[in-house]
Amino acid sequence: MCPEELLDEKSPAWNKGSIHYVDTSNVEVLNAYVAQFEKDMEMLLNARADEIVGGMMVVIISPQSSECLVNFFGSSLMDLVSESYSFNVPTYFPSPKDMTKAVEKNNCFSIERIELTYPKSKLVEEADPKTLMINLRAVLEVLFVNHFGSEIAEEAFTRTILKSDEISTWMKMNYKKACQLFVALKRK
């Protein structure tokens, strides 16, 4: 869920001209995403705590490198719509510190292991920009189509794929960095 304060033009967290918290200079935007993550994680942990008795749970958070791809897509989308349009991608990629804080606050689980991992495929040595955008599209397309309509969403994805050289340069610099949060939790 997207933090409500991002949608209020009078809020200090109004995220005008951007679709995500990545690279924002507005600390209020980032704080809104962190607060929403904490609320959502509290609900998830409480629900799982009711189901798990004396067991464990593994949580894997999507690659944090998706943040950059959202920025590439966001710039294509903003080229197509006026700046008065408001839309924020309802995703937050927590740091190990964020996740630890949420688990400790909840107090239903203990962290057995937490680390950033490198989810390299054994089948593909290096992912290409088009494949990454196809994956991002599979996850986020319905959000964009519902908000902007299929024509604008389609054009934004097409324009983003045209930025393959820019995305490829970013990928080569960041490809082998740990970017997936792995957390093993044990029910207290």
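Below, each value reflects all heavy atoms present in this structure, side chains not excepted, and no hydrogens, waters or symmetry copies. The structure presented is a predicted model; accordingly, all values stated were derived computationally and were not measured.
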Can a salt bridge be assigned to the pair K39 and E42 using a cut-off of 4.0 Å between side-chain N and carboxylate O? no

Taking R137 first and then E154, would you say they form a salt bridge - that is, a charged N and a carboxylate O separated by under 4.0 Å? yes

How many angstroms lie between [atom1] in [X] and [atom2] in [Y], if you round to the nearest 0.5 Å?
X: E38; Y: N106; atom1: CD; atom2: CG; result: 12.0 Å
X: M57; Y: I52; atom1: CE; atom2: CD1; result: 5.0 Å
X: F93; Y: F37; atom1: CZ; atom2: CZ; result: 11.5 Å
X: E155; Y: E151; atom1: CD; atom2: CD; result: 9.5 Å
X: L45; Y: D50; atom1: CG; atom2: CG; result: 11.0 Å
X: T117; Y: I61; atom1: OG1; atom2: CD1; result: 11.0 Å

Verify the distance criterion only: is there a donor paired with an acceptor across the side chains of D98 and Y92 at less than 3.5 Å? yes

Scan side-chain atoms only and decide if E112 and S110 contain a donor-acceptor pair under the 3.5 Å cut-off. yes

Counting only heavy atoms from other residues, nucleotides and ligands, does the tally under 6.0 Å from NZ of K188 exceed 12? yes

Would K186 and I111 satisfy side chain to side chain contact (heavy atoms under 4.5 Å, CB included), going step by step from the backbone distance to the final call? CA-CA 6 Å; K186 184 176 181 181; I111 296 175; over 6 Å; no

Closest non-hydrogen atoms of P12 and E28, given as atom of the first, atom of the second and distance, are O-CB, 3.5 Å

Members sharing V58's hydrophobic cluster, built from side-chain contacts under 4.5 Å between Ile, Leu, Val, Met, Phe, Trp and Tyr, are I60, F182

Side chains of E4 and Q36 in contact at under 4.5 Å (non-hydrogen atoms): no

Answer yes or no: is there a side-chain heavy-atom contact under 4.5 Å between L181 and E115? no

Taking the side chain from R187 and the backbone from C108, do they hold a donor-acceptor pair closer than 3.5 Å? yes

If only atom types and distance count, is the side chain of S150 paired as donor or acceptor with the main-chain N or O of V145 below 3.5 Å? no

Under 4.5 Å between side-chain heavy atoms, counting indirect links through other Ile/Leu/Val/Met/Phe/Trp/Tyr residues: same cluster for L44 and L185 or not? yes

Worked check of side chain to side chain contact (heavy atoms under 4.5 Å, CB included) between F109 and R48: CA-CA 10 Å; F109 293 89; R48 297 296 80 83; 4.1 Å; yes

